[in-house]
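Predicted model only: the values in this text are computed from it and were never measured.
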Amino acid sequence: ARYVPVYSQDKTVQELLMYPWRVGSQRLWFSDSGNSPIWRPDPDVVREDFAAHNKWTAPAGWRISGHSRRALTAMIAMADEYGFEFHVANSPQLAGMVEDETFGPYFAEGQAALAEILAASPRAHLVLSPPAEYTAEQMQNTDHIAKVAVEDYTRRLAAAVAAAERGSN
């Protein structure tokens with residue numbers, strides 16, 4: 001019943017382990033559906049976040065942690081064993097990020113790596129590739145939409161999952 005923010009950088013988990021007294025210092029609001037919505041977009045924050053992405057992502061190159069790789073592999077194995085479809089969805093992206101000369105190659109590396117992992121099973125699918133794109137006025141940062149775009153993203157995600165499932169039958 002606790003929320004722990006875990007992102008693509010292992011630094012988040014490392015900091016939680018090193019500074020456990022900070023856990024809970026983030027005050028997050030959850031709706032009855034379990035979502036923690038950000039109601040208002042902030043285009044200036046989105047643009048700053050895009051610049052920050054290019055500083056930490058592209059120079060290092062894309063990589064998946066051993067823990068994430070093992071988790072994906074285990075979920076794919078469960079999908080095979082229990083007979084359900086497993087979908088990995090790209091998060092929404094700031095429009096133009098995927099085509100950006102710095103971020104684009106980094107993103108492409110990640111897509112290729114995910115596709116390779118998911119190729120282990122016909123039940124595993126990467127959906128929303130390329131990702132759904134939104135303007136800075138529709139986002140809270142480069143890969144999280146604000147309330148104004150939630151319905152659109154949900155429709156796109158549902159359609160992508162349905163299309164993947166039709167293709168797997």
Subject >> Gap between atom CZ of R47 and atom CE of M139 - 0.5 Å precision >> reply: 12.5 Å

Original post:
Looking at CG of L94 and CD1 of I145, how far apart are the two atoms once the value is rounded to the nearest 0.5 Å?
Top reply: 13.0 Å

Original post:
side-chain hydrogen bond (donor to acceptor under 3.5 Å, both in side chains) with D143: which residues, sequence neighbours excluded?
Top reply: none

Subject >> Pairs satisfying side chain to side chain donor-acceptor pair (under 3.5 Å), at least one member in residues 71-83, at least two apart >> reply: D80-S121

Subject >> L118 side chain near F86 side chain, heavy-atom distance below 4.5 Å >> reply: yes

Original post:
Would you say E85's side chain and E165's backbone share a donor-acceptor pair under 3.5 angstrom?
Top reply: no

Subject >> Distance-only donor-acceptor check, side chains Q111 and S129, under 3.5 Å >> reply: yes

Subject >> Closest approach of A132 to Y153 (non-hydrogen atoms, all atoms of both residues) >> reply: CB-CD1, 4.0 Å

Original post:
Do the side chain of H125 and the main chain of R123 share a donor and acceptor less than 3.5 angstrom apart?
Top reply: yes

Original post:
Below 4.5 Å, heavy atoms only, C-beta onward: do Q140 and V45 meet side chain to side chain?
Top reply: no

Original post:
Is it true that the NZ or CZ of R63 lies under 6.0 Å from the centre of Y106's six-membered ring and within 45 degrees of the ring axis?
Top reply: no

Original post:
When you look at L72 and L114, which way does the side-chain contact (heavy atoms from CB on, under 4.5 Å) test go after all the steps?
Top reply: CA-CA 9 Å; L72 276 172; L114 284 173; 3.9 Å; yes

**OP:** Name the orientation class of the two ring planes belonging to F103 and F50 (parallel below 30°, tilted from 30 to 60°, perpendicular beyond 60°).
**Re:** perpendicular

Original post:
Would a 4.5 Å heavy-atom cut-off, applied to side chains only, mark F107 and P131 as touching?
Top reply: yes

Original post:
Judged by atom type as modelled, is there a donor-acceptor pair below 3.5 Å linking the side chain of N90 to the main-chain atoms of L128?
Top reply: yes

